[in-house]
2 protein chains.
Amino acid sequence: MSQTVDRALSILPLLAEGPANLEQVAQRLDVHKSTALRLLRTLHEHGIVHRQADQRYRLGARLFALAQEAMENLDVREIAHPHLVELNAACGHTVHLAVYEEDEVLYIDKVESRYPVRMYSRIGKPVALTVAAVAKLLLADLPEPERRAVAERLDYPRYTSRSTPDAAAFLAELATVREQGWATDLGGHEESINCVAAPIRGAEGRVVAAMSVSAPNVVVSADELLTLLPRVRRTAEAISADYVGKPIRPAERDTP
Amino acid sequence: MSQTVDRALSILPLLAEGPANLEQVAQRLDVHKSTALRLLRTLHEHGIVHRQADQRYRLGARLFALAQEAMENLDVREIAHPHLVELNAACGHTVHLAVYEEDEVLYIDKVESRYPVRMYSRIGKPVALTVAAVAKLLLADLPEPERRAVAERLDYPRYTSRSTPDAAAFLAELATVREQGWATDLGGHEESINCVAAPIRGAEGRVVAAMSVSAPNVVVSADELLTLLPRVRRTAEAISADYVGKPIRPAERDTP
DNA sequence: AATGCCCATTGCAGAGTATGCAATCAGCAT
DNA sequence: ATGCTGATTGCATACTCTGCAATGGGCATT
């Protein structure tokens, strides 16, 4: 809609790949160097990009700070956190909280396992949509046409032999998940890691987030992990109750 | 430098505070609503902002993903990580890695303590500049005039009775730190938490990052933590050696 | 030390884009 | 139904951005 801003923003994913110099940026944007320079300067003034010693540009600190601040302000996260901690205290495994947003599912909170062998994941990291238990729950709740559309345009990487192979299988899985109100990922992403997940519902029953417990085979078998399901579901329901109960809207900020 | 981009970027910190509607954004930017709308639309198209059910805007998923990707691509982080893990395995405490960038110090990696009582921190979170051990190391290495300038313009919040009180004290502390090549924070940020930190140096001896080990009093006393100093310094030196040895510059991307 | 190359940077005039206005539309509460 | 609040659109104007070409700075080579 706005050409200038559009161009400026296009620089970001480009720099996310790694540092780049002025000419590289100009070429990738298909604009004159002087144009790219002005855009980069503006981004720089805002701390969004950083200029390193060799004059190349990369993404800047403020971007991290922004992402961080925004994450900390998410209502669900704040409400869910104590419940996640409690669940972790009870079972000891890694607990995740995730939300869906325009074709991406991402972890917004995490409580680390107390066991030495842990699952690798990181807050803010986009989740493997086609296999993750939390992704299934979040996508299963989309309105039918959109769900189908998303399923069609996804890739189905074969992380393991048990990864969801294609759109048809995925839609079928989503139907099941939607029906039963919980989901699992049994070695579909990492051969040796299993997850069980449950949905967190907002006011009108829409799934606003999903939480999961993950553990590697070497710690507990899939069967053992499944025995935690009732507990996970109860936690998710408790969070849902809190969430609809007090949609803490921290006093509308008004402008003087 | 570019008005339009400047305005668009000014929206981000505003939204980081929490969701806002069109009018609020327009007012804060001091532009017409239609202008704000177009800017928000552009940001939206790029996934930088997200529009929630109540039509208000907030920061979007792509922002998190970008911050994440950028972080993962930092050379130092990649090189340092295995060393941090090793140190954590040896001592069990929380290990942090931090860098300085334009008036901010932020954690770019972390290995969690194995003890149940842990320090709160989060990757990407800006660090308390005036007290954190890693911040002291990073700031101590700035060229004299800049170091002074930064010290002067900082605030000196009294987190605890042992927080650095003012610019003079801070500059003195930085001189010491610079001299001795390591730093501590003994209850200067959180009364009950101590840290010891060591610098990671790049090619010309410049401090490019800093790492620290942190532990609460209830786990180990400050004195006990200090016994880890040689080990921390050795780890930092090992990372430095790796870093100058192979400044992995992942093959310049060229544009077709 | 001098030269040449590469890349960043700047001034400027033209072109195109962003802006603000005012009107319209949509949703919600009265 | 009616009136409010807030989002959205079309359009002419003015201003901002753009690309060019020239300048400048840093670095390696001779």
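Reminder, nothing fancy here: chain letters follow the sequence lines and each chain counts from 1.
- Screening A:Leu9, A:Ile11, A:Thr42 for a side-chain contact (heavy atoms from CB on, under 4.5 Å) involving B:Val5 leaves a single residue, A:Thr42.
- For the atom pair CD of A:Glu179 and OG1 of A:Thr176, the computed distance is 8.5 Å after rounding to the nearest 0.5 Å.
- Taking every nucleotide of DNA chain D with any atom under 4.0 Å from a non-hydrogen atom of chain B, the first and last of them, 5' to 3', are D:dG6 to D:dC17.
- Within the structure, side-chain hydrogen bond (donor to acceptor under 3.5 Å, both in side chains) pairs that include any residue of residues 135-148 of chain A comprise A:Lys136-A:Glu173, A:Asp141-A:Arg206, A:Glu144-A:Arg148 (at least two apart or interchain).
- Salt-bridge formation is detected for the pair B:Arg62/A:Glu104: a Lys NZ or Arg NE/NH1/NH2 atom is positioned less than 4.0 Å from an Asp or Glu carboxylate oxygen.
- Neither side chain, B:Asn21 nor B:Glu23, offers a donor N or O lying under 3.5 Å from an acceptor on the other.
- When side chains are defined from C-beta on, B:Val177 does not count as touching B:Trp182, because their heavy atoms never get closer than 4.5 Å.
- Between the side chains of A:Asp109 and A:His96, no donor-acceptor pair is found at a separation under 3.5 Å.
- Two residues are said to be in side-chain contact when any heavy atoms from C-beta on lie closer than 4.5 Å; B:Leu12 and B:Val49 meet this criterion.
- Nearest-nucleotide positions on DNA chain C place A:Tyr57 closer to the 5' end than the other of B:Arg7 and A:Tyr57.
- Judged by closest nucleotide on DNA chain C, A:Gln55 is the one of B:Gln3 and A:Gln55 placed further toward the 5' end.
- The shortest distance between side-chain heavy atoms of B:Val95 and B:Lys110 does not fall below 4.5 Å.
- Protein chain A contacts DNA chain C from C:dC7 to C:dA18, reading 5' to 3' and using non-hydrogen atoms of the protein with a distance under 4.0 Å.
- A salt bridge does not link A:Glu101 to B:Arg51: none of the charged nitrogens lies less than 4.0 Å from a carboxylate oxygen.
- Rounded to 10 degrees, the angle between the two end axes of the helix from C:dA1-D:dT30 to C:dT30-D:dA1 is 40°, with five pairs used at each end.
- Evaluation of the ring-ring contact (aromatic ring centres under 6.0 Å, His included) rule for B:Tyr100 yields no partner, not counting sequence neighbours.
- Scanning residues 29-37 of chain B for heavy-atom distances under 4.0 Å to DNA chain C yields B:Val31, B:His32, B:Ser34, B:Thr35.
- Taking 4.5 Å as the limit, every side-chain heavy atom of A:Leu97 sits out of range of all side-chain heavy atoms of A:Tyr107.
- Side-chain contact between A:Ser2 and B:Arg41: absent, with no pair of heavy atoms (C-beta onward) separated by less than 4.5 Å.
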